[in-house]
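Read through the structure below, which is laid out as structure tokens, and then see the notes.
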Amino acid sequence: MIADDGNLEPAGDEHTTFSTGEFFRRLGVYFFPHKGKVALILLACSLETGFYWIVPLAFRHLIDNTLAVADRRGLIQVLSVLCVGSVVASAASLWRGRYWARVESQVVSDIRFRLYHQLQRLSVSSYAKTSTGELLSRFSNDLSSVATALTMGVVWGALPALDCILGTAILAVLDWRLACLAALVWPWCLLVPPRIARRAAPTAYARKQREAEMLEVVQEQIATQSVVRAYGLARLRMVRFFHADARLFEASVRSAFLTAFMDQASMSGILLLQVLTLALGAWLAFAGDMTIGTLAAFQALFLGVSTSLLYFTQYLRSLLPARAGMQRIEEFLAAGGAIDDPPGAGTLSPFSHDIAFEHVSFAYDGAPVLRDVSLTIRRGSNVAIVGPSGSGKSTIVSLLLRFHDPASGTIRVDGVDLKTVAQESWRSQLGVVFQENLLFRASLAENIRMGRPDAPDAEVEEAARLAGIDDVIRRLPEGYRTAAGELGGRLSGGERQRIALARALALQPQVLLLDEATSALDPQTEAEINVTLRRAAAGRTVISVTHRLGSVAHCDHIFVMDRGRLAEQGTHEQLIGAGGIYAGLWRSDPRSLD
């Protein structure tokens with residue numbers, strides 16, 4: 001369930017789930033572009049079904065009109081029709097299977113694409129509030145349930161439904177008296193199981209939630225295994241897994257029982273009606289009111305109708321997890337996304353003058369983070385934004401990158417409100433190095449040119465030289481073709497930071513934005529990176545956001561944040577001389593504010 005704040009965490013077990021009709025209505029959006037192929041597939045299904053019901057009629061004709069009078073010509077005609085029909089039905093079945101596989105795979109692919117697109121659009125706050133396991137469950141458990149329902153859709157859904165409709169019509173042609181009794185199977189199978197399904201649907205949704213929780217536990221164990229071992233947390237983590245597994249077990253038992261009850265309810269009614277129709281048909285045949293061929297054909301047809309109806313009700317039962325999965329997918333797709341460009345958003349010209357915050361305020365979930373901040377950053381300057389944790393430094397970065405928009409006030413670049421321009425036209429001028437720079441599972445060269453795929457090798461290598469990582473890369477056995485490993489795990493923290501800096505420089509950015517770029521490094525590596533940064537900053541506007549003062553004394557201008565407000569600003573010497581917040585923090589620890 002999605003809360004008003006965009007949180008994707010699951011809600012409680014009590015939940016109003018999609019009905020079967022709503023499930024198919026949502027799927028219809030994805031099937032609509034393929035409506036022509038779907039119509040042909042249904043036509044092929046009709047040819048299959050038509051042949052299957054010709055067989056019992058032919059059986060009655062053979063018993064009553066051919067075999068009884070030894071009509072050789074009639075026998076050959078009937079067998080010829082059956083042979084031709086079997087060829088046509090088989091060809092239709094093969095064609096239907098091939099094209100349905102393509103259509104249903106395309107639909108699943110379309111849903112998967114929309115999920116991934118939404119994953120890219122999610123706001124930063126949504127990622128912060130939602131576990132990785134919860135997000136991954138949309139692509140794994142939920143989408144898998146929908147895909148299974150589509151795979152079974154023709155064989156267990158469409159074909160049995162057509163069998164039931166056409167078979168019931170033929171039963172009425174054979175004998176209307178038996179057909180009236182046999183028709184009672186319809187209300188029984190279509191009314192009783194759905195009443196049970198209304199109780200089973202919430203349990204299926206709850207099971208999906210528990211599966212997502214289990215995936216979260218496993219994913220977290222994989223991501224934190226070094227911490228678990230170092231701190232001896234294996235037993236504690238096993239207890240958490242046990243509780244998650246117990247909740248999944250309980251939800252699975254409830255869901256499985258109610259779905260099995262649906263099957264049993266359908267089967268009981270079908271068996272009873274089969275016995276009753278056989279008894280009535282036998283009595284009519286004994287009294288001479290029905291031929292033996294008609295009785296045999298009717299019983300075969302009714303057995304086929306009831307079996308198909310049972311398959312169809314079982315398919316409806318199997319839709320319970322698919323309905324829950326589709327609902328969770330639709331909830332995810334409806335979640336609030338990142339900021340969209342306004343209609344007709346313009347392209348921002350290359351940065352040439354200044355960046356100005358004008359009375360900017362911002363709040364996370366109603367808690368004020370920035371309060372009436374006004375500051376100006378001149379082009380070509382090297383500025384720092386400092387302050388203790390929670391002072392609003394990183395929020396300024398998020399606003400500059402337009403991960404969020406101010407609650408009030410305006411951010412202007414060369415006098416242009418950032419809200420009025422295309423985000424990509426601004427971000428393309430920014431090179432960003434974050435505190436944690438996790439690399440992609442690709443070669444080092446690909447990681448460096450990630451923001452500019454067409455960058456030639458010479459410029460990639462030049463960016464690496466500016467970042468001070470070229471020599472390290474060339475010493476590797478495969479050089480720039482060396483794989484970074486999962487999230488850059490094959491490199492040290494300092495090396496990952498330099499690759500991230502090279503990636504930013506490869507963009508040839510107008511503005512270099514450093515968000516706590518050295519806070520996680522050891523003092524020696526930090527000092528080396530700072531030297532590299534000063535060399536790379538030549539000719540660029542550099543904005544450093546940090547809580548370590550030792551790396552900002554050389555900056556042209558320093559902004560000091562405190563409790564969401566701009567408390568002080570000036571050069572290092574001016575701020576020290578003023579004897580304010582910055583001076584006190586510098587005296588207490590010239591390397592860190594923590």
Side-chain angles (χ1 to χ4, degrees), residues 1-2 8 10 17-45 48 92-122 126 130 132-162 197 201 204-205 207-212 214-216 218-219 255 259 311-312 314-335 337:
M1 184 175 183
I2 300 176
L8 296 174
T17 56
F18 279 178
S19 65
T20 301
E22 180 67 10
F23 171 75
F24 283 113
R25 189 183 73 79
R26 299 296 179 113
L27 275 181
V29 174
Y30 299 97
F31 274 102
F32 184 77
H34 314 287
K35 56 184 181 296
K37 291 182 180 179
V38 171
L40 292 175
I41 289 169
L42 291 176
L43 176 60
C45 290
E48 290 182 70
S93 178
L94 289 172
W95 186 91
R96 179 264 304 165
R98 176 187 176 187
Y99 276 85
W100 177 247
R102 292 182 62 86
V103 171
E104 61 107 352
S105 296
Q106 184 61 57
V107 167
V108 172
S109 177
D110 292 343
I111 298 175
R112 188 183 299 113
F113 177 83
R114 288 193 64 188
L115 283 171
Y116 191 79
H117 179 66
Q118 175 68 357
L119 200 63
Q120 293 182 315
R121 289 189 64 255
L122 276 184
S126 294
T130 310
T132 302
E134 179 68 19
L135 293 174
L136 290 176
S137 68
R138 262 62 175 195
F139 288 85
S140 54
N141 298 332
D142 298 336
L143 186 56
S144 176
S145 297
V146 175
T148 299
L150 292 181
T151 300
M152 299 167 55
V154 170
V155 176
W156 285 76
L159 281 174
L162 289 172
Y205 189 90
R207 180 174 180 174
K208 286 294 178 185
Q209 291 180 347
R210 300 300 175 241
E211 288 174 348
M214 175 62 72
L215 186 60
E216 176 187 349
V218 174
Q219 182 273 332
S255 180
T259 52
Y311 284 163
F312 185 70
Q314 287 179 332
Y315 177 66
L316 294 180
R317 181 263 297 169
S318 72
L319 289 181
L320 288 174
R323 285 160 52 183
M326 177 57 79
Q327 176 152 353
R328 284 167 52 82
I329 287 172
E330 290 294 313
E331 288 173 348
F332 176 71
L333 294 176

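Just the heavy atoms: all of them, side chains too, but no hydrogens, waters or symmetry mates, feed the values below.
In this structure, CZ on Arg102 lies 5.5 Å from NZ on Lys37, to the nearest 0.5 angstrom. Here the straight-line distance linking atom OG1 of Thr20 with atom CZ of Arg25 works out to 13.5 Å at 0.5 Å rounding. For the atom pair Arg96 CZ and Leu159 CG, the distance stands at 5.0 Å (nearest 0.5 Å). The structure places NE2 of His34 at 10.0 Å from CH2 of Trp100, a figure rounded to the nearest 0.5 Å. Considering CZ of Arg138 and CG of Leu333, their distance stands at 9.5 Å, rounded to 0.5 Å. Atoms CZ and CZ, on Phe23 and Arg323 in that order, are 9.0 Å from each other to the nearest 0.5 Å.
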Review point. Can you check salt bridge (Lys or Arg N to Asp or Glu O under 4.0 Å) on Glu331 and Arg328, steps first, answer last?
Key: CA-CA 5 Å; Glu331 288 173 348; Arg328 284 167 52 82; 5.8 Å; no

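Within the 4.5 Å cutoff, the side chain of Leu27 has heavy atoms near those of the Leu150 side chain. At a threshold of 4.5 Å between non-hydrogen side-chain atoms, the residues Tyr30 and Val108 do not count as touching. Inter-residue side-chain proximity for Tyr99 and Leu40 is flagged as unmet; no heavy-atom pair is nearer than 4.5 Å. Annotation: side chain of Ile41 is in contact with side chain of Trp95 (closest heavy-atom distance under 4.5 Å). In this structure, Leu119 and Phe139 have side chains that are in contact, with non-hydrogen atoms separated by less than 4.5 Å.
Using modelled atom types, no side-chain atom of Ser109 and backbone atom of Ser105 make a donor-acceptor pair closer than 3.5 Å.
Residue pairs satisfying the salt bridge (charged side-chain N to carboxylate O under 4.0 Å, His left out) criterion with at least one member in residues 106-118, sequence neighbours excluded, are absent.
Relative orientation of the Tyr315 and Phe312 rings is tilted, given thresholds of 30° and 60° on the angle between their planes.
Considering every non-hydrogen atom in both Ser145 and Ala322, the closest pair reads O-CB, 3.6 Å. Of all the heavy atoms in Val146 and Gly325, the pair that sits closest is CG2-C, 4.3 Å.
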